[in-house]
Amino acid sequence: MTALQFGIGATNDVVDAPRDAGHKPGKPIPSGLLSPAVARAVAVVGFVAGLSLAVEFGLPTFALAVAVIGIGLAYDLLLKGTAWSWLPFAVGIPILPVFGWLGATGSLPPAFAILVPVAVAAGAALAIANSLADVERDRGAGTVSIATALGPGRAWAVEAALVATIVLAAVASAWILAASDARVVLVALAGCLPLAGVALGRGGGAGRRERAWQLEAIGIAAVGIAWIWALVARP
């Protein structure tokens, strides 16, 4: 999965390089740290390495790897710069835990029936937070995103509602499915991180909003890890 994400990210930078020039000087290609040719080579190596590793764990894992590439390229080549740019995140984020668990064990536990729809909401929330971090640069470059389409205020409200729903669902499901009290508390504590990211991202400059979405991403990952430990790995 790491290799596949290198491929998707490198492709994204190659596609964006002409538009990023003069608007996002910190990115690798506009800054001169990386040439487009090297970025293309990184993409090819990442995809080939990821698929080669995935096939070793069976056809279902390989099929998921192909799906991940398709979703990533759909974002890079078609949906980025549109009001639908959040959709690949919403579809792709749930594949990450499924890919890891399926590759490691060959099957999925019943608790994933809760995890997957919550992960869809998480992907959408992270996409909105990411677009809010870039809203001024996107407007300057003439790029459409969910944040420019909805406006920062409404986009933040949708993001906040999604993150609150994710945290409540994680805590409630851990409690209802009889995880220990200590593990339910751990899920709740982990939930404070993405909520803090949402609060930090309300207003402020681009740098602050970028730190906010990064905190939110780390926090949602922490909620997922705590939730899986509380339910799937419980004694």
Side-chain angles (χ1 to χ4, degrees), residues 1-21 23-104 115-116 119-135 137-138 141 143-147 159 210 213-214 216-218 220-221 224:
M1 182 55 67
T2 300
L4 297 177
Q5 295 303 324
F6 267 109
I8 293 168
T11 302
N12 181 63
D13 275 7
V14 171
V15 172
D16 283 354
R19 185 169 53 210
D20 287 341
H23 295 283
K24 298 183 180 181
K27 296 189 72 174
I29 295 176
S31 68
L33 293 174
L34 204 66
S35 70
V38 172
R40 284 192 288 269
V42 170
V44 171
V45 171
F47 290 142
V48 171
L51 291 173
S52 299
L53 291 168
V55 76
E56 294 295 322
F57 295 91
L59 183 59
T61 306
F62 179 78
L64 281 177
V66 173
V68 166
I69 292 175
I71 292 166
L73 292 181
Y75 174 78
D76 291 344
L77 303 176
L78 298 174
L79 298 179
K80 186 174 184 179
T82 75
W84 292 96
S85 58
W86 58 273
L87 186 58
F89 288 85
V91 176
I93 292 294
I95 293 179
L96 300 179
V98 171
F99 182 90
W101 204 277
L102 189 64
L115 177 62
V116 170
V120 171
L126 289 175
I128 295 171
N130 189 30
S131 69
L132 282 169
D134 286 340
V135 66
R137 287 180 292 188
D138 285 340
T143 300
V144 178
S145 70
I146 187 65
E159 173 202 355
E210 185 159 355
W213 100 262
Q214 290 169 350
E216 186 177 321
I218 293 169
I220 286 177

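FYI, the numbering just counts along the sequence from 1.
- Legend: ring pair (Phe, Tyr, Trp, His ring centres under 6.0 Å) pairs involving residues 72-100, not counting sequence neighbours, sorted by first then second residue: Y75-F89, W84-W86.
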Using a 3.5 Å cut-off and no angle test, enumerate the donor-acceptor pairs between side-chain atoms of residues 35-64 and protein atoms at least two apart in sequence or in another chain.
residue: S35; atom: OG; partner: V38; partner atom: N; Å: 3.2
residue: S52; atom: OG; partner: V48; partner atom: O; Å: 2.7

Steps toward side chain to side chain contact (heavy atoms under 4.5 Å, CB included) verdict (T11, V14): CA-CA 5 Å; T11 302; V14 171; 5.7 Å; no
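- Applying the side-chain contact (heavy atoms from CB on, under 4.5 Å) criterion to L77, with sequence neighbours excluded, gives V15, L73.
- For the side-chain contact (heavy atoms from CB on, under 4.5 Å) test, residues two or more places apart in sequence or in another chain that qualify with I93 are L96, A119.
- Here N130 contributes atom CG and D134 contributes atom CG; the two are 5.5 Å apart, rounded to the nearest 0.5 Å.
- With sequence neighbours excluded, the residues forming a side-chain contact (heavy atoms from CB on, under 4.5 Å) with A129 are E159, W213, E216, listed by chain and number.
- Distance check, rounded to the nearest 0.5 Å: CG of L87 to CD1 of I71 gives 9.0 Å.
- Across A83 and I146, no two heavy atoms sit closer than the pair O-CD1, 3.8 Å.
- Annotation: side chain to side chain donor-acceptor pair (under 3.5 Å) contacts of Q214 (sequence neighbours excluded): R211.
- Smallest separation of non-hydrogen atoms from L115 and P97: CD2-CB, 3.8 Å.
- Here the CG atom belonging to L126 is positioned 11.0 Å from the OG atom belonging to S131, to the nearest 0.5 angstrom.
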